[in-house]
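Remarks on the structure that follows.
Counting begins at 1 with the first residue of the sequence. Because the structure is a prediction, the values reported are computed rather than measured. As a basis for the values below, the full set of heavy atoms in this structure was taken, side chains included, without hydrogen atoms, waters or symmetry mates.
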Amino acid sequence: MNTPVTIIGAGLGGLTLARVLHVHGIPSEVYEAETSPTSRLQGGMLDIHDYNGQLALEAAGLMDEFRGIVLEGRQALRVLGTDGTVLFERGDDGTGGRPEAQRGDLRRMLLDSLPEGTVHWGRKVVGARTLGEGRHEVTFDDGSTVVTGLLVGADGAWSRIRPLLTGAVPEYSGTSIIETYLYDADTRHAAVAKTVGGGSMFGAGTTEGIGINAHRESGDTLHAYVELGKPLEWFDAIDFSDADAAKAGIAAEFGDWSPELTALITESDIAPIHRPAFTLPFGLRWERVPGVTLLGDAAHLALANGEGANLAMLDGAELGKALAARPDDVEAALAEYEHAMFVRCETPIEEDFLLESIFGEDVPEVLLNMFEERKG
């Protein structure tokens, strides 16, 4: 394959693509808006599934390195009712198919696996245009440009490459996630740490669109994700620069929940962070455009369900494998990749399989009933 691959975005999907291409001797250039690998917090824990994310890491030849960054014990899981009652609990015996690692460690692992200079930092894309014959020009915020014969948009929800393929834009889902962090939890927030346990905790009521979930991360940190189904205007009325007022406003929506759960909001060591959840239309497809494609959130942004990072990595791996398998017919490789991706994203994971992958073979009846109630 003589065409170098230009990848926009150094997230997990784009880097997995670059790594798989490198394994097959195909050069790539990755352009990333962030100024360095450490310029911002890289997010929390990710469970990397044996049916998608781990398949991508195998294709990248990085399973041994991945095992080295897995945080032992973090597959432990508990589900609490709104009153703090433990509805389900499972320890981590090391045999589960969803080992946990920090997103930042995963990204560093992928970066370290690439030739030096593959990623160009501080290159923020502001637009792209078609030149014809499969060639595209990408423009950066400093006015510079790059012309490429094979362009991949791995640049997330607000992709600047997506308009080359479709006019679809993300829309607010009606639900937001509020992030909080509690540091040195076992000493400074002992009661909350005991409530969360050693891995993941889900605090779920029977009403869809409201919940308090948390992960125990590295460095004795608790990272909480508070789910609230509210319009954006409701959040606009909260002054998130006033930490105490913001925590009080969010916690008030959980007035009948146990204090052990709401403490994940009220005891946060940072001001709550508002993350509105946007989605692209389900089943989004586009006609084949020569020389360009998308992966990850740029292609199929959906509500957070534990699959996003895994699917982005699988997209990257599958695209890299398709290009390596058809080095003399790039368009056939892109068409093959896109068709498989469309089908994959339009085929929901069977509920029984998903529940079993999370909770094991014997899902407690109380949880099955709760999920049914939340679906209405």
Is it the case that the side chain of Thr130 and the backbone of Gly132 share a donor-acceptor pair, with hydrogens and angles ignored and the cut-off at 3.5 Å? no
Counting N and O atoms only, with roles assigned by atom type, does the side chain of Arg216 sit under 3.5 Å from a partner on the main chain of Ala193, one being a donor and the other an acceptor? yes
Around atom NZ of Lys230, are there more than 12 heavy atoms of other residues, nucleotides or ligands at under 6.0 Å? yes
Count the heavy atoms of every other residue, nucleotide or ligand shown that sit under 6.0 Å from CD of Glu346, and state whether that count exceeds 12. yes
Side-chain heavy-atom pair Leu228, Ser176 within 4.5 angstrom cut-off: no
Parallel, tilted or perpendicular for His274 and Phe235, by the 30°/60° rule? parallel
Derivation and outcome, ring-ring contact (aromatic ring centres under 6.0 Å, His included), residues Tyr31 and Trp121: CA-CA 6 Å; Tyr31 295 88; Trp121 300 98; over 10 Å; no
Linked, directly or transitively: [X] and [Y] (ILVMFWY side chains, under 4.5 Å):
X      : Y      : answer
Val5   : Leu15  : yes
Met201 : Leu71  : no
Val20  : Met313 : no

With no hydrogens and no angle check, just 3.5 Å: does a side-chain donor-acceptor pair link Glu29 and His120? yes
If we count only N and O atoms by modelled type, under 3.5 Å, do the side chains of His300 and Asp315 hold a donor and an acceptor together? yes
Ser173 and Leu303: which non-hydrogen atoms are nearest, and at how many Å? OG-CD2, 3.4 Å
Hey, what do you get for CE (Met109) to OG1 (Thr16), rounding to the nearest 0.5 Å? 7.5 Å
Should Leu319 and Leu323 be marked as a side-chain contact (heavy atoms from CB on, under 4.5 Å) after you check the CA-CA gap, both sets of side-chain angles, and the distance that decides it? CA-CA 6 Å; Leu319 176 54; Leu323 291 169; 4.1 Å; yes
